[in-house]
2 protein chains.
Amino acid sequence: MATIDKPLLQRQTVTAMVAEYIAARIIGGDYPGGHQIRQEAIAAELGVSRIPVREALLQLEADGLVVIRTHRGAVVSELSADDAIDLFDARLLLEPFLVEKAIGHVTDQDIAAIEKSMRAYEAAIARGDDPKDLSRLNWAFHTALLEPSMRPRSMAVVQALYNSADRYLRLQIEPAKARAKALQEHRELFEAYRRKDIAETARLLRKHIADAAGEIVSQLRRSETAA
Amino acid sequence: MATIDKPLLQRQTVTAMVAEYIAARIIGGDYPGGHQIRQEAIAAELGVSRIPVREALLQLEADGLVVIRTHRGAVVSELSADDAIDLFDARLLLEPFLVEKAIGHVTDQDIAAIEKSMRAYEAAIARGDDPKDLSRLNWAFHTALLEPSMRPRSMAVVQALYNSADRYLRLQIEPAKARAKALQEHRELFEAYRRKDIAETARLLRKHIADAAGEIVSQLRRSETAA
DNA sequence: TATTGTATGATTGGATCCAATCATACAATA
DNA sequence: TATTGTATGATTGGATCCAATCATACAATA
């Protein structure tokens, strides 16, 4: 498979588990923008010391989920229309580029993995799985599309962007409708990808991201002017 | 000024100082790719405990300067032609885009700041300042060009890329020649930028990055096939 | 001789504790 | 009454210490 080998079993440190926990709370909206994250509160909640909490917060800062100020602690980063544009424009540059490179290197095994990933998302929507699982499968599909590009550095950037993008997607008023549209677009993307139609795949991916961004930004603009 | 306000005085934590120290050692080539960074060794060297060293290493991992494996510590990430392509292609996507957005928002004050930044680089080259300072001024110019885009998220990505790009630039066989070329290109970039010629500035910036990337990649390819 | 098991020191991950900083309320002063 | 100074609890940053894991050398076994 033309993808990056990842370790088959990787031990989870307490730091990694805490990072996942806090990230899930932020992405899920339990901790909204501006929310102060107290190290001691998280530590007590999870039954660990403050050290892994602090180390987790440093990682989340790198992902743009929190902002840390010296001696003042971590605050969940604020969402805004401007930030969404910043974020989705970066995705609009990187993802179509990576998908073009990916198609150049893709193997049949990769394509099988992508199809499997697409079907898993489809099945999860049909079952009405919870938003967290649906998000995970959505990003897994995007990752599977881009992974054969063999660009681990750019992939790491894109992965970080997904975490923040997820926060915006979860804000959508009509998530079911958005997901149905996304799934249909995933099917079209996969068809073009399977044919190795580079230009068409890139075009569809650009539209896929731009449409979602457009929805989110206009919704945010409405709420921002209302406020 | 249409740029992001940064705090006038920000306290340095020990963690931040350690991160700067290790980053400088990696970028300067003292710690080459594959070098094991021992927490205790750095701690002893700087007269601090291992806690800030570990936290610094986490930040450097996010920047792609080190790779951390659970219970095995941090290793300086390896440089390669493939990685250089990955890195410089990402810059080639993001920077020209950001410079276009920047010109759209730029103020006279910004332009004055950019000119000052360009002249500082020029003067440092004329004085024969050490590579570390020359690098800092080079990136400061690039940052000044892009900053008026008001895209803090994309800017953070680009800043992280600069750290790794610097490792490659320091490898160049003829740094003086490369810097003279870069300076000349900076002048042309600045002229187009000042005229607010968006297309020409983007074109020049693309060429500026692509030329440097081309040099570095072909040099790496030569040494990789030689080995 | 090649492979597997075991012991030991080195190293990392995490808990606990102390010092420094921050936020807040309240007192003092003009 | 508005501003400045001071005291106190809350919180973070960092040092020290302990437990878990890893790497290595060496012994045991087929």
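Letters A, B, ... mirror the listed sequences (proteins, then strands); counts begin at 1.
Two end axes, each from the C1' atoms of five base pairs, can be drawn for the helix from C:dT1-D:dA30 to C:dA30-D:dT1; they diverge by 10°, to 10 degrees.
In this structure, CD1 of B:Ile68 is placed 19 Å from P of D:dT21, rounded to the nearest angstrom. When the P atom of C:dG9 is taken as reference, atom CD of B:Glu40 falls 18 Å away, rounded to whole Å. What separates CD1 of A:Ile42 from P of C:dG14 is a distance of 16 Å, to the nearest Å. Atom-to-atom, CD of B:Gln12 to P of D:dG14 comes out at 10 Å; the value is rounded to the nearest Å. The interatomic distance linking A:Glu55 (CD) with C:dT12 (P) rounds to 13 Å, in whole Å. We find that CD of A:Gln36 is positioned 11 Å from C1' of D:dA10, with the value rounded to whole Å.
For B:Arg72 against C:dG13, a side-chain-to-base donor-acceptor contact under 3.5 Å is absent.
Between A:His186 and A:Tyr121, the angle of the ring planes lies from 30° to 60°, which puts this pair in the tilted group. By the 30° and 60° cut-offs, the orientation of the rings of B:Tyr162 relative to B:His142 is perpendicular.
A residue-by-residue look at A:Ala16 and A:Arg50 shows that A:Ala16 has its nearest nucleotide of DNA chain C further toward the 5' end. Sequence order on DNA chain D of the closest nucleotides to A:Ile51 and B:Thr70 puts A:Ile51 first from the 5' end. Mapping A:Val48 and A:Arg69 onto DNA chain C by nearest heavy atom places A:Val48 at the nucleotide closer to the 5' end.
No hydrogens or angles considered: nothing links the side chains of B:Ser80 and B:Asp83 as a donor-acceptor pair under 3.5 Å.
Formation of a donor-acceptor pair under 3.5 Å by the A:Ser149 side chain with backbone atoms of A:Lys101 is not found in this model. Under a 3.5 Å cut-off, the side chain of B:Ser154 and the backbone N or O of B:Arg151 do not form any donor-acceptor pair.
At C:dG13, none of the side-chain N or O atoms of A:Thr15 fall inside 4.0 Å of OP1 or OP2 (strictly under the cut-off). For A:Arg38 and D:dT12, the shortest distance from a side-chain N or O to OP1 or OP2 is below 4.0 Å. The shortest distance between the side-chain N/O atoms of B:Gln39 and the OP1/OP2 oxygens of C:dG13 is below 4.0 Å.
When each of B:Asp86, B:Asp63, B:Leu94 is checked for a side chain to side chain contact (heavy atoms under 4.5 Å, CB included) with B:Leu161, only B:Leu94 meets the rule.
Using a 4.0 Å heavy-atom distance criterion, A:Ile37 is classed as a sugar-phosphate-only contact.
For A:Arg54, counting side-chain heavy atoms from C-beta on, the closest listed nucleotide (D:dG14, C:dG14, D:dT12) is D:dG14. The B:His71 side chain lies nearest to C:dG13 when the options are C:dG13, C:dC22, C:dA15. Nearest to the side chain of A:Ser49, among C:dT16, D:dG13, D:dT16, sits C:dT16.
Taking the charged nitrogens against the carboxylate oxygens, A:Arg25 and A:Glu45 do have a contact shorter than 4.0 Å, which makes a salt bridge.
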